[in-house]
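Chain naming here is simple, since letters A, B, ... match the order of the sequence lines and numbering starts at 1 in each. What's counted below: heavy atoms across the whole structure, side chains too, no hydrogens, waters or symmetry copies.
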2 protein chains.
Amino acid sequence: MAEQHELRDKGLRLTPQRELVLSAVRELGHATPEEVAEKVRATHPGINLSTVYRNLETLENVGLVQHTHLGHGGATYHASEVLTHLHLVCGTCGSVGDAPIDVAANFVQNLADDYGFKTDVSHFAIYGLCAACVK
Amino acid sequence: MAEQHELRDKGLRLTPQRELVLSAVRELGHATPEEVAEKVRATHPGINLSTVYRNLETLENVGLVQHTHLGHGGATYHASEVLTHLHLVCGTCGSVGDAPIDVAANFVQNLADDYGFKTDVSHFAIYGLCAACVK
DNA sequence: CGCTAGTTGCGAAATATTCGCAAGTAGCAG
DNA sequence: CTGCTACTTGCGAATATTTCGCAACTAGCG
């Protein structure tokens with residue numbers, strides 16, 4: 001079966017908590033540690049916040065999830081697979097929009113050409129005013 | 001003299017603490033609230049951290065300073081005048097480089113054209129790997 | 001079946017930031 | 001120059017967020 005555990009592959013132990021954290025991140029698309037914990041608790045009530053934090057960190061180390069900074073303070077986690085878009089955060093209404101990563105291709109290229117800087121565009125959100133608030 | 005207090009102009013009271021916070025931000029270029037407090041304390045020891053936070057917030061409201069997200073959690077404040085560059089944060093070595101804002105002009109334009117999103121490029125740092133770490 | 005090391009739970013500790021409240025003072029009017 | 005009022009400050013406590021220590025637990029392996 002192709003179902004060789006990806007967690008095992010990464011050299012991690014396959015614990016129910018760990019799987020739950022990973023699938024919670026995947027289902028939520030993007031979520032704060034607290035939201036992940038909440039989601040996980042829906043099916044496995046006894047889980048501890050510390051465990052969520054530790055697993056998020058662990059999963060990040062092996063590259064299965066990544067975090068982005070959307071707003072003030074709170075980091076937001078994504079499954080790596082879905083990291084194909086930018087986050088457009090509106091400073092006025094607080095909404096978070098998406099944009100395909102290629103609108104930034106040009107920008108990333110500039111940075112690479114002129115500064116040798118290899119940009120990870122999606123790590124930080126793009127801040128500004130959404131179309132609705134511009135009006 | 002042209003020295004009409006800019007703080008007064010904005011409808012704020014001119015308190016020594018407030019002036020100190022503002023000039024600390026200007027001198028430091030970019031700094032966390034804690035660094036600002038430290039700087040301010042050099043000349044005015046009795047100042048309170050809460051006061052720094054409150055003044056930073058107040059100054060931001062009237063547009064004299066702005067904050068940017070450079071790393072995990074801590075906001076970093078700038079005087080508005082110097083906000084003419086992007087921050088290139090290296091995820092590996094932690095260095096913060098600058099780039100003129102126009103390397104992003106194209107990108108900003110794309111976002112405006114396609115999404116009506118008015119981007120404030122400098123609010124969030126650009127994350128990636130600096131030239132040195134790419135190697 | 002039994003071992004060993006990686007994990008979990010839990011509460012405490014470390015940080016970062018915000019708030020309430022009483023005392024202090026800048027700016028304005030008289 | 002004097003007094004008044006509202007905006008500010010200091011300070012400590014309250015929150016929020018994330019990290020740690022430690023003992024108990026268990027996944028994976030022989």
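- Looking at B:S80, its side chain does come within 3.5 Å of a backbone N or O of B:L64 through a donor-acceptor pair.
- Along DNA chain C, the nucleotide closest to B:L49 and the one closest to A:N55 are compared, and the more 5′ of them pairs with A:N55.
- In this structure, the CG atom of B:L59 is 15 Å from the C1' atom of D:dT9, given to the nearest Å.
- Using modelled atom types, one side-chain atom of B:R41 and one backbone atom of B:I47 make a donor-acceptor pair closer than 3.5 Å.
- Between B:H67 and B:H123, the two ring planes are perpendicular [angle over 60°; tilted spans 30° to 60°].
- Residue A:Y53 places no side-chain N or O under 4.0 Å from the OP1 or OP2 atom of D:dT19.
- Regarding B:I47, its CD1 atom lies at a distance of 14 Å from the C1' atom of D:dC11, rounded to whole Å.
- A:Q17 has no side-chain polar atom (N or O) that falls below the 4.0 Å cut-off from OP1 or OP2 of D:dT26.
- As rounded to whole Å, 12 Å separates atom C1' of C:dA16 from atom OH of B:Y77.
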Between N or O atoms, less than 3.5 Å apart, protein on one side and nucleotides 24-26 of chain C on the other: list the pairs.
| residue | atom | partner | partner atom | Å |
| --- | --- | --- | --- | --- |
| C:dT25 | O2 | B:R13 | NH1 | 3.4 |

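- When rounded to the nearest whole Å, the span between CG of B:L56 and P of D:dT8 equals 15 Å.
- Ring geometry, A:H69 versus A:F124: the interplanar angle falls under 30°, so the pair is classed parallel (tilted spans 30 to 60°).
- Each of B:R18 and A:P33 lies near DNA chain D, and the nucleotide nearest B:R18 is the one positioned closer to the 5' end.
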Write out a two-atom table: protein N or O, nucleotide N or O from nucleotides 12-15 of chain D, distance below 3.5 Å.
| residue | atom | partner | partner atom | Å |
| --- | --- | --- | --- | --- |
| D:dG12 | O6 | B:S50 | OG | 3.1 |

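- Within the 3.5 Å criterion, the main-chain N or O of B:P16 finds no donor-acceptor partner in the side chain of B:E19.
- When every heavy atom of A:R18 is checked against every heavy atom of A:R13, the shortest pair comes out as NH1-O, 3.3 Å.
- With rounding to whole Å, B:H69 atom NE2 is found 14 Å from C:dT17 atom C1'.
- Between B:E60 atom CD and C:dT18 atom P the separation is 11 Å, expressed in whole Å.
- B:S95 contributes no side-chain N or O that, together with a main-chain N or O of B:C90, makes up a donor-acceptor pair within less than 3.5 Å.
- As judged by a 4.0 angstrom heavy-atom cut-off over every strand, A:R54 is placed among the base-contacting residues.
- The main-chain N or O of A:G128 is never found under 3.5 Å from a side-chain atom of B:T119 such that the two would form a donor-acceptor pair.
- Note: CG (A:L20) to P (C:dT8) measures 11 Å, nearest angstrom.
- We find that NE2 of A:H44 is positioned 10 Å from C1' of C:dG9, with the value rounded to whole Å.
- Looking only at side-chain heavy atoms (C-beta outward), B:Y77 and B:V21 stay at 4.5 Å or farther from each other.
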